[in-house]
Amino acid sequence: MSAAVSPAGPAPIVAVIGGGQLARMLAEPAAALGIPLRLLAEAPGVSAAQVIPDHEVGDFTDLTTLRLVTDGCAVVTFDHEHVPTEHLHALDAAGIAVRPGPDALVHAQDKAVMRRALSAMGVPCPRHAVVRTPAEVVAFGFPCVLKTTRGGYDGKGVWFVEGPQDCPALGSGATILAEERVDFRRELSALVARSPSGQVAAWPIVASTQRNGICHEVVAPAPDLDPELAVQAQQIAMRIAGELNVTGVLAVELFETRQGQVLVNELAMRPHNTGHWTQDGSVTSQFENHLRALLDLPLGAPDAREPWTVMVNILGGTRQTGHLYAGYPHALARDPRLRVHLYGKELRPGRKVGHVNAYGDDLEDCLERARHAAAWFAGDLGDDSR
Ligand SMILES: Nc1ncnc2c1ncn2[C@@H]1O[C@H](COP(=O)(O)OP(=O)(O)O)[C@@H](O)[C@H]1O
Ligand SMILES: [Mg+2]
């Protein structure tokens with residue numbers, strides 16, 4: 001059951017669970033479109049709570065809290081994948097449109113469920129198996145990648161295993177997914193937004209670089225990508241969105257193999273780090289289309305505005321004191337076309353605290369500008385004077 005969203009009535013309230021940077025960045029198009037947001041934040045003053053005045057602080061694993069926050073809202077959506085499935089069914093039964101719905105979201109919450117569904121659909125995936133004992137890992141073969149099926153993010157919960165000596169966490173009762181170690185050329189991402197009525201917008205395929213399991217840099221579109229492979233990647237994402245009945249943004253993380261194939265790594269059903277370039281590089285950002293899709297409004301064009309857009313994350317680096325604001329005079333003076341997005345988070349080594357987008361018609365120039373700015377904000381250029 002889902003709440004009717006009347007296009008003629010007052011703007012419906014959208015509830016967002018989780019106060020991270022994704023919820024924060026949803027606030028920008030929500031303000032522009034005049035759509036009120038109500039937030040459940042995990043602690044006072046977290047990233048999204050700074051910019052969404054209508055917020056409660058509470059526990060997203062507690063159904064009473066979820067009911068309280070979503071009361072009077074037409075739709076509920078998520079900054080992360082950790083809300084228990086049974087609570088989502090309860091909200092749905094109470095007449096709140098849960099987007100993405102619980103039966104779709106479970107494929108982004110549980111990597112074993114995702115592999116099973118994609119394999120049944122015939123979507124190309126790395127060879128994989130659920131393993132419970134070291135003997136089963138040995139039988140699967142080395143080198144391999146072991147993953148916790150639930151709760152991992154930014155490479156936490158992923159182990160690269162050469163042989164039996166480095167098998168972690170087995171025997172502890174956790175379900176572990178073993179995958180062949182893919183010798184990929186690079187990682188790609190296919191981003192689409194899908195509305196409940198089935199309209200889909202597909203952004204250009206991008207290339208992403210991870211460091212220590214954390215997304216570091218994204219180039220849109222993926223340079224030198226075989227046009228046929230790009231179409232295939234978009235079709236895979238559109239098909240997954242349709243068959244799993246995803247509503248909102250779906251990001252499909254992909255490996256491009258050295259043999260020129262694409263394999264699905266994992267799914268995210270929310271705006272995704274590999275889509276941050278769309279804020280400045282495409283006609284409609286992933287955040288705006290996520291909102292439009294939630295409310296079953298017509299989607300905006302996903303086309304790129306410029307030949308190239310480069311996104312580089314600002315990660316807490318060597319500089320552990322000082323404020324990111326102090327980076328502005330130099331960064332903005334050096335590059336008047338630079339777009340900066342900070343998350344209102346304190347610097348901590350390795351923590352995502354913001355990102356920059358640089359766009360233009362020269363890829364090398366965009367790369368240089370975005371990398372310089374991100375390193376400058378992170379304090380990795382050796383200047384501690386600010
Ligand atoms: N089967 C694999 N083969 C090679 N590298 C992998 C494999 N699975 C994951 N990785 C690497 O580890 C990163 C994190 O894995 P992922 O499953 O996306 O976990 P997370 O949920 O932490 O993002 C990937 O982006 C990729 O760089
Ligand atoms: Mg991932």
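First listed ligand is number 1; within each ligand, the first listed atom is number 1. Residue indices begin at 1 and follow the sequence shown.
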Atom pair CZ (R239) and CD (Q235), whose distance is rounded to the nearest 0.5 Å: 10.0 Å
Atom indices of ligand 1, in the order listed, that fall short of 4.0 Å to a heavy atom of E180: 1 (N), 2 (C), 3 (N)
E253 OE1 and E266 OE2 subtending at the Mg ion (ligand 2) (10° steps): 100°
Which residue and heavy atom of the protein sit nearest atom 5 (N) of ligand 1, plus the separation: F184 CE2, 3.5 Å
Crowding at CD, E136 (>12 non-hydrogen neighbours, <6.0 Å): yes
Mutual orientation of the aromatic rings belonging to Y328 and F377 [parallel < 30°, tilted 30-60°, perpendicular > 60°]: perpendicular
Protein heavy atom at shortest distance from atom 22 (O) of ligand 1: G155 N, 2.6 Å
Enclosure of E243 CD (heavy-atom neighbours >12, cutoff 6.0 Å): yes
Minimum-distance protein heavy atom relative to atom 13 (C) of ligand 1: G213 CA, 4.6 Å
Nearest heavy atoms of A178 and L146, plus distance in Å: CB-CD2, 3.6 Å
Side-chain donor/acceptor of T247 to backbone N/O of R99, under 3.5 Å: no
Q210: numbered ligand 1 atoms lying under 4.0 Å from its heavy atoms: 25 (O), 27 (O)
H80-F60 aromatic ring centre distance below 6.0 Å: yes
Element-labelled atoms of ligand 1 that are located less than 4.0 Å from some non-hydrogen atom of V158: 15 (O), 19 (O)
For R181, atoms of ligand 1 separated by under 4.0 Å from a heavy atom: 3 (N)
Residue pair E179, R115: steps toward the salt bridge (charged side-chain N to carboxylate O under 4.0 Å, His left out) verdict: CA-CA 10 Å; E179 293 179 358; R115 284 279 176 250; 2.9 Å; yes
Identity and separation of the nearest protein heavy atom to atom 7 (C) of ligand 1: F255 CZ, 3.4 Å
Flag if over 12 foreign heavy atoms under 6.0 Å of CD, E86: yes
E187 side chain vs E253 backbone, donor-acceptor pair below 3.5 Å: no
Protein contact of atom 11 (C) of ligand 1 - nearest heavy atom, named by residue and atom, plus distance: F160 CZ, 3.6 Å
N/O separation below 3.5 Å, V182 to ligand 1: yes
Parallel, tilted or perpendicular, as decided by the 30° and 60° cut-offs, for the rings of F184 and F255: parallel
Min N/O separation E266 to ligand 1 under 3.5 Å: yes
Ligand 1 atoms in contact with E253 (distance to a heavy atom under 4.0 Å): 18 (O)
Any N or O of V145 closer than 3.5 Å to N or O of ligand 1: no
Close approach of H128 to ligand 1, heavy atoms, under 4.0 angstrom: no
Shortest protein heavy-atom distance from atom 24 (C) of ligand 1, along with the residue and atom involved: E187 OE1, 3.4 Å
Atom 8 (N) of ligand 1 - nearest protein heavy atom and its distance: K147 NZ, 3.0 Å
Atom 21 (O) of ligand 1: the protein heavy-atom neighbour that sits closest, reported with distance to 0.1 Å: K111 NZ, 2.8 Å
Heavy-atom neighbours of R339 CZ exceed 12 at 6.0 Å: no
Atoms of ligand 1, numbered as shown, that sit under 4.0 Å from any heavy atom of D154: 22 (O)
